[in-house]
Number of protein chains: 2
Amino acid sequence: MTIADPAGAALASLTEARALVARTSTAERVADAVRNEVVEGRLRPGGRLPEQALSHALGVSRNTVREALSQLVAERVLVREPNRGVFVAVPDAEAVRDVYRARLLIEPAAVREGERAGDPEAVGRLRAAVQEGRAAAAHDDWPAVAGANQHFHRALVGLAGSVRLDQQMGLLLAEMRLVFHRMTSVREFHEPYLDGNDTITRLVEAGERERAAGEVASYLRTAEAQILAAFADL
Amino acid sequence: MTIADPAGAALASLTEARALVARTSTAERVADAVRNEVVEGRLRPGGRLPEQALSHALGVSRNTVREALSQLVAERVLVREPNRGVFVAVPDAEAVRDVYRARLLIEPAAVREGERAGDPEAVGRLRAAVQEGRAAAAHDDWPAVAGANQHFHRALVGLAGSVRLDQQMGLLLAEMRLVFHRMTSVREFHEPYLDGNDTITRLVEAGERERAAGEVASYLRTAEAQILAAFADL
DNA sequence: TCTTGCTGGATTGTTGAGCAATCCATACGC
DNA sequence: GCGTATGGATTGCTCAACAATCCAGCAAGA
């Protein structure tokens with residue numbers, strides 16, 4: 001800056017707007033749309049996604065559809081079978097175990113050692129997710145409770161303060177939504193964790209990070225066991 | 001199987017061959033080729049990758065090149081600037097900090113709590129990486145020492161026994177290679193860790209997981225500081 | 001009945017060409 | 001020096017086409 005102008009600060013604040021200026025590409029928007037359909041459950045696990053049908057339905061070229069599908073395959077939301085097509089992923093018990101192995105490492109560690117575990121903003125997101133879940137439960141909106149639960153675990157990893165970890169957690173949680181879509185009784189599954197999340201949040205707020213981490217690990221283990229049990233009789 | 005034939009078992013063993021039958025697609029091979037060029041350092045960070053040039057050089061269509069580039073962008077090996085092109089990523093200090101925040105959570109936790117930390121096969125990979133590094137150092141092959149170092153940290157995460165974590169670690173390490181390519185003096189950086197890796201491996205072999213995890217964290221912190229210092233005078 | 005082989009139709013994998021939008025460097029005018 | 005046109009190059013996306021592959025169904029043969 002050769003000139004000392006007050007516009008300097010104003011311009012700096014605009015850097016956040018870059019993401020908005022740079023419109024998302026068509027392929028990205030297609031990927032978002034398909035991902036939404038999948039995580040919302042409108043496309044069943046195992047369902048097929050023909051390129052031509054998507055191309056026609058979304059009004060974009062088949063090449064663009066392919067680009068979007070490839071991205072979702074990389075995210076494990078879809079699986080590609082060569083020369084056969086792409087399908088909505090059908091997570092099996094081993095996938096559940098693998099996801100929980102990863103979560104059991106990452107989430108308690110984020111609570112125990114996260115650099116932002118003292119940051120009011122990061123902790124506030126925990127509290128916000130808890131309240132979001134409580135509000136949704138009050139309206140008997142159990143899909144929303146499930147969403148709040150995901151926000152809570154995302155906020156837990158957010159305590160680490162690493163965008164790369166956050167991103168990885170996003171993938172793991174997206175996979176978990178596929179798991180839930182294979183299960184019935186969303187309510188029975190998510191309801192017990194409302195109080196658990198509150199307990200964890202209180203411990204974090206009180207700075208009792210070691211105990212909070214222990215609670216997180218404990219809840220993850222029971223959730224995994226519950227899901228695996230549900231998978232067993234299927 | 002309606003018929004009771006001994007071929008049943010034999011056929012079951014063939015399921016492992018599926019991966020070989022399914023040849024990799026052209027786009028995937030292009031992605032592998034470009035990724036190799038980048039991590040080997042033949043394509044400098046910041047370097048540009050015009051689609052047409054790649055298309056011509058590799059003898060594949062520009063559409064296929066685009067598909068490969070998109071995948072590498074998702075892996076953070078390349079970055080896309082809309083309407084300008086894709087470039088080899090240039091990790092900055094903040095990227096280094098973020099990667100180490102993630103590694104400092106994952107790696108010590110994998111050593112401390114990994115389900116396979118007692119598994120001789122998984123631990124053997126640690127030992128193998130140590131010896132690989134020693135052998136490379138004996139030949140003054142410092143790029144190979146760097147490679148062995150990466151194998152070591154990959155083996156550390158392998159103690160967790162989660163393919164999803166392994167995959168994530170692969171992305172983080174690929175990004176680290178880009179970081180190293182911005183630094184000179186590969187030798188001075190990697191040599192001190194030869195002994196450190198040996199120490200960690202001994203502790204893991206002895207079942208002293210807590211101390212091993214502490215060593216891992218300590219080494220990661222010094223490495224991060226060293227890299228950030230090198231970035232500072234640049 | 002069970003297996004094998006074939007055939008037609010559908011979908012994927014990949015190519016090539018083409019066009020609007022955007023960016024960049026250069027030259028121009030003031 | 002500074003803002004503004006201008007032209008070339010590249011990207012983002014589309015469209016059309018074709019070979020390779022897969023699948024369902026059917027016919028022939030053991």
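Just so it is clear, the values below take in all heavy atoms, side chains as well, and ignore hydrogens, waters and symmetry mates. Numbered from 1 within each chain, the chains take letters A, B, ... in sequence-line order.
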**Asked** Who pairs with A:Arg76 by side chain to side chain donor-acceptor pair (under 3.5 Å), at least two apart in sequence or on another chain?
**Response** B:Gln167

**Message:** Tell me whether the side-chain N/O atoms of B:Arg80 come closer than 4.0 Å to OP1 or OP2 in D:dG12.
**Reply:** yes

**Message:** So, OP1 or OP2 of C:dT14: does either fall under 4.0 Å of a side-chain N or O from B:Thr26?
**Reply:** yes

How long is the line joining [atom1] of [X] and [atom2] of [N], in whole Å?
X	N	atom1	atom2	value
A:Gln52	D:dT14	CD	C1'	14 Å
A:Phe87	D:dC23	CZ	C1'	11 Å
B:Glu81	C:dC23	CD	P	11 Å

Which atom pairs link the protein and nucleotides 18-20 of chain C when you take only N or O atoms and keep those under 3.5 Å?
| from | atom 1 | to | atom 2 | distance (Å) |
| --- | --- | --- | --- | --- |
| C:dG18 | O6 | B:Arg62 | NH2 | 3.1 |

**Request:** Kindly write out the residues that satisfy ring pair (Phe, Tyr, Trp, His ring centres under 6.0 Å) with A:Tyr193, not counting sequence neighbours, or none if the list is empty.
**Result:** A:Phe189

**Message:** Just to verify, what does B:His153 make a ring pair (Phe, Tyr, Trp, His ring centres under 6.0 Å) with, not counting sequence neighbours?
**Reply:** none

**Message:** A:Gln131: which residues meet the side chain to side chain contact (heavy atoms under 4.5 Å, CB included) condition with it, sequence neighbours left out?
**Reply:** A:Arg127

**Item:** For A:Arg182, salt bridge (Lys or Arg N to Asp or Glu O under 4.0 Å) partners two or more places apart
**Value:** none

**Prompt:** Can you pull the side chain to side chain donor-acceptor pair (under 3.5 Å) pairs that have at least one residue in residues 83-93 of chain A, sequence neighbours excluded?
**Reply:** A:Glu81-A:Arg84

**Fill in**
For B:Ala102 and B:Leu172, the nearest pair of non-hydrogen atoms, with its separation, is CB-CD1, 4.1 Å

**Closest heavy-atom pair and its distance - B:Ala136, B:Ala144** = CB-CB, 3.6 Å

[options]: which one has an atom nearest the side-chain heavy atoms of [X]?
X	options	result
B:Ser25	C:dT12, C:dT14, C:dT15	C:dT14
B:Glu51	C:dC24, D:dT14, D:dT11	D:dT11
B:Arg84	C:dT15, C:dT12, C:dC24	C:dC24
B:Asn83	D:dT10, D:dG12, D:dT14	D:dG12

**Item:** Upstream residue (5' side of DNA chain D) when A:Ser61 and B:Val86 are each assigned their closest nucleotide
**Value:** B:Val86

**Item:** Inter- and intrachain pairs under salt bridge (Lys or Arg N to Asp or Glu O under 4.0 Å), touching residues 139-160 of chain B, at least two apart
**Value:** none

**Prompt:** Which parts of residues 63-72 of chain A get close to DNA chain D, meaning a heavy atom less than 4.0 angstrom away?
**Reply:** A:Asn63, A:Thr64

